[in-house]
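See structure below.
Reckoned from all heavy atoms, side chains included, excluding hydrogens, waters and symmetry mates. Order of the sequence lines fixes the chain letters, A, B, ..., with proteins taken first and strands second; residue numbering starts at 1 for each chain.
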There are 2 protein chains.
Amino acid sequence: MPKLGMEPIRRAALVKATIDEIGAAGTLDITVSRIAKRAGMSSALAHHYFGGKDQIFLAAMRHTLTVYGAEVRGALAMADDNVSRLQAIIRAGFTNSNFRREVIAAWLNFYVLAQSSAEAQRLLTIYQRRLHSNLVYDLRPLIGDRADAAAERIAGLIDGLYLRRGLDQSSEMGMDATEHVLALLQAELKEHA
Amino acid sequence: MPKLGMEPIRRAALVKATIDEIGAAGTLDITVSRIAKRAGMSSALAHHYFGGKDQIFLAAMRHTLTVYGAEVRGALAMADDNVSRLQAIIRAGFTNSNFRREVIAAWLNFYVLAQSSAEAQRLLTIYQRRLHSNLVYDLRPLIGDRADAAAERIAGLIDGLYLRRGLDQSSEMGMDATEHVLALLQAELKEHA
DNA sequence: CTTTTTCTTGATTGACGAGTCAATAAAGAA
DNA sequence: TTCTTTATTGACTCGTCAATCAAGAAAAAG
């Protein structure tokens, strides 16, 4: 019973199913059939809309990065001064939604994928650059020349703590990760005085 | 022409070949046959000595962690006071050998593997705990109660910068990563005063 | 009401890969 | 020498999976 305009619906369902499947398996070693079944359609249809497994993965990756980007933008919109904007950026990285199993699995696997896929590499670089430039934008007025190096450290600590907390997804450790990065931020600001 | 006592030699060759193959592919999605061919033997022999693909991966992971551990211990042996020991630990994470393509690929993939393999998870936890306790050991005499939180931040920054630098293995960025973590160390120490 | 477009899948193909096994060969033990 | 242990592989099994395709079914267009 073909309703028209199915394409965007199917694509969205496949992207979600892909992320869930990655989360369930912990790997990119999952089959198109399982993704399609989870999304409620045949594997042939998945191929029809995406063309191949690789493109399904890349779509899932784009989606993950888009969601993260939207979260950051949302948090930034509610902050006015430089310091609270910086705090918002930091907090956005450690929200509960970012600590769901599937999201963690997706990020880890995308890092791996970036080693063999130029497009994945590109997407990840965009994420890194955006985070860096967001940080520099608000750090510069506060600490001037030190902004770049400080941003490098803060971004590194965000990624590193996310990696460490993601591994043993034990309870709510996103809390303390946030505190650690905020502490680093304060140290970077105080250093200037 | 079976010489006796081949087992350790074969195992070592397979472990090395596995890491190289992971580095070449960027993935754990590699075949036992290719590993075996790279190690100069038949795939049947690989199965004979390791029992299965999973165990080959775990052996490769153990080897990688062992090498890293040895590097740290070596660096620590040449330092006497607390501060230079801390600097040695930090530097050990960013040596050239840790930035070889295969080593980076191995680490990234082991993080992914830890999501689906209890044993891999265990090994990675050991690494994290050891790094943390090494840092605390030398931080405690310097900053007391602050040691634990500071160690968390330093370890997080080490992992995070390694992740970021490993992705775009552009030139010698291990240098600046080291500087960043050393800067954080100084900030943590100064904070105490 | 026929034609075209969109959507959908079952069946199939073609390839590949993990793990097994029987058989071979050498070295040492008895 | 004969027996046993260790090393080694080619061939094979069994399963899986990505990708293709021809065909069907429903909506929209004419």
OG1 on B:T27 to CD1 on B:I22, rounded to 0.5 Å: 9.5 Å
Atom-to-atom span, CG of B:L4 to C1' of D:dT4 - whole angstrom: 12 Å
To the nearest 0.5 Å, tell me how far A:R146 CZ sits from A:R140 CZ. 13.5 Å
Is the Lys NZ or Arg CZ of A:R165 less than 6.0 Å from the centre of A:F99's six-membered ring, within 45° of the axis? no
Less than 4.5 Å apart, side chain to side chain, heavy atoms only: is that true for A:E179 and B:E152? no
Give the nucleotide from the list D:dT9, C:dG17, C:dT8 with an atom nearest to the side chain of B:T31. C:dG17
Just jot down the side-chain hydrogen bond (donor to acceptor under 3.5 Å, both in side chains) partners of B:S33, sequence neighbours excluded, or say none. none
Counting side-chain heavy atoms from CB outward, which of C:dA18, C:dC21, D:dC21 is closest to A:A44? D:dC21
Does A:I30 reach a base, just sugar-phosphate, or nothing at all? Heavy atoms under 4.0 Å. sugar-phosphate
B:K37 atom NZ is separated from C:dA18 atom P, nearest whole Å, by 14 Å
Rounding to a whole Å, what distance do you find between A:I35:CD1 and D:dA18:C1'? 11 Å
B:S43 vs B:P8, nearer the 5' end of DNA chain D by closest nucleotide: B:P8
To the side chain of A:M6, which of C:dT9, C:dC7, D:dA7 is closest? C:dC7
Compare side-chain N and O positions of A:R10 against OP1 and OP2 of C:dT8 and report whether any pair is under 4.0 Å apart. yes
Where along residues 45-57 of chain B does a heavy atom fall under 4.0 Å from DNA chain D? B:L45, B:H48, B:Y49
For the aromatic rings, using the six-membered ring if either is Trp, is the centroid distance between A:Y127 and A:W107 under 6.0 Å? yes
Give a yes/no on whether any side-chain N or O of B:R34 is located under 4.0 angstrom from OP1 or OP2 of C:dG17. no
